[in-house]
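The structure displayed is predicted, hence computed values, not measured ones.
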Amino acid sequence: QVQLVESGGDFVQPGGSLRLSCAVAGFQLRSYAVGWFRQAPGKDREGVACMSALTVDTYYADSVKGRFTISRDNIKNTIFLQMNNLKFEDTAVYYCAADPVIYGSDCLAAGGSRYDYWGQGTQVTVSS
């Protein structure tokens with residue numbers, strides 16, 4: 001059974017840091033494209049960071065470049081999103097996703113509509 005389970009969402013003050021995790025069961029992440037997406041109230045889902053299938057190439061939304069880092073542990077079959085210097089506008093529900101056949105910068109495109117597998121989401125709230 002395929003399952004993606006996010007954790008690590010929390011309340012944090014502006015300038016703070018959080019590390020999101022996404023534990024994957026049911027397939028090996030090793031060659032999959034993986035991504036983090038977010039959706040704020042009243043807004044469309046948007047790509048935050050992703051890693052292409054088959055390579056370690058990473059892609060980031062302009063709004064998070066230099067602050068967020070995506071990584072994965074193929075042994076633990078887990079995806080991570082390190083978020084530093086968080087801002088009010090980073091408040092959203094964050095989702096992880098995985099798919100075996102998304103390559104290059106397409107891993108960040110179309111709000112993630114090309115991904116087959118999704119987690120349930122974890123809330124990140126940046127507030128003073």
Which salt bridge (Lys or Arg N to Asp or Glu O under 4.0 Å) pairs, counting each pair once, include a residue from residues 96-115, with sequence neighbours left out?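 Qualifying pairs: D106-R114.
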
According to a hydrophobic-cluster definition based on side-chain heavy atoms being under 4.5 Å apart (Ile, Leu, Val, Met, Phe, Trp, Tyr only), do [X] and [Y] belong together?
| X | Y | value |
| --- | --- | --- |
| V34 | I102 | no |
| Y115 | L4 | no |
| L54 | I79 | no |
| I70 | L20 | yes |
| V48 | Y117 | yes |

Measure the CG-CG distance between N74 and L29 for me, rounded to the nearest 0.5 Å.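 N74 atom CG to L29 atom CG measures 6.5 Å (nearest 0.5 Å).
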
If you round to the nearest 0.5 Å, how far is OG1 of T55 from OH of Y103? 10.0 Å

Does CZ belonging to F11 count more than 12 external heavy atoms closer than 6.0 Å? no

Testing the basics here: between [X] and [Y], what is the closest heavy-atom pair and its distance to 0.1 Å?
| X | Y | result |
| --- | --- | --- |
| V93 | Q123 | CG2-OE1, 3.2 Å |
| F88 | V126 | CD2-O, 3.4 Å |
| Y95 | E6 | CA-OE2, 3.2 Å |
| G47 | A61 | O-CB, 3.4 Å |
| F80 | W36 | O-NE1, 3.2 Å |
| S52 | G104 | OG-N, 2.8 Å |

May I ask you to say whether K65 pairs ionically with D62, meaning some side-chain N is under 4.0 Å from a carboxylate O?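 A salt bridge links K65 with D62.
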
Audit row: E46, Q39, side chain to side chain contact (heavy atoms under 4.5 Å, CB included) steps and yes/no: CA-CA 6 Å; E46 63 173 347; Q39 188 164 22; over 6 Å; no

Would you mind listing every disulfide (SG to SG under 2.5 Å) that reaches into residues 10-85, with sequence neighbours excluded? C22-C96, C50-C107

Test M51 against Y59 for side chain to side chain contact (heavy atoms under 4.5 Å, CB included), laying out the working first. CA-CA 6 Å; M51 190 177 289; Y59 302 86; over 6 Å; no

Do [X] and [Y] have side chains that get closer than 4.5 Å, going by heavy atoms?
| X | Y | answer |
| --- | --- | --- |
| R38 | V64 | yes |
| Y60 | T69 | yes |
| T91 | V124 | no |

Which is it for T125 and V12 under the side chain to side chain contact (heavy atoms under 4.5 Å, CB included) test, yes or no, and what are the steps along the way? CA-CA 6 Å; T125 303; V12 62; over 6 Å; no

Start with the C-alpha distance between L81 and M83, add both sets of side-chain angles, then the distance that settles side chain to side chain contact (heavy atoms under 4.5 Å, CB included), and finish with yes or no. CA-CA 6 Å; L81 184 69; M83 305 187 295; 3.7 Å; yes

What side chain to side chain donor-acceptor pair (under 3.5 Å) pairs are there with at least one residue in residues 8-32, not counting sequence neighbours? S17-N84

Would you say D73's side chain and K76's backbone share a donor-acceptor pair under 3.5 angstrom? yes

In this structure, is the centre-to-centre distance between the rings of F37 and W118 below 6.0 Å? yes

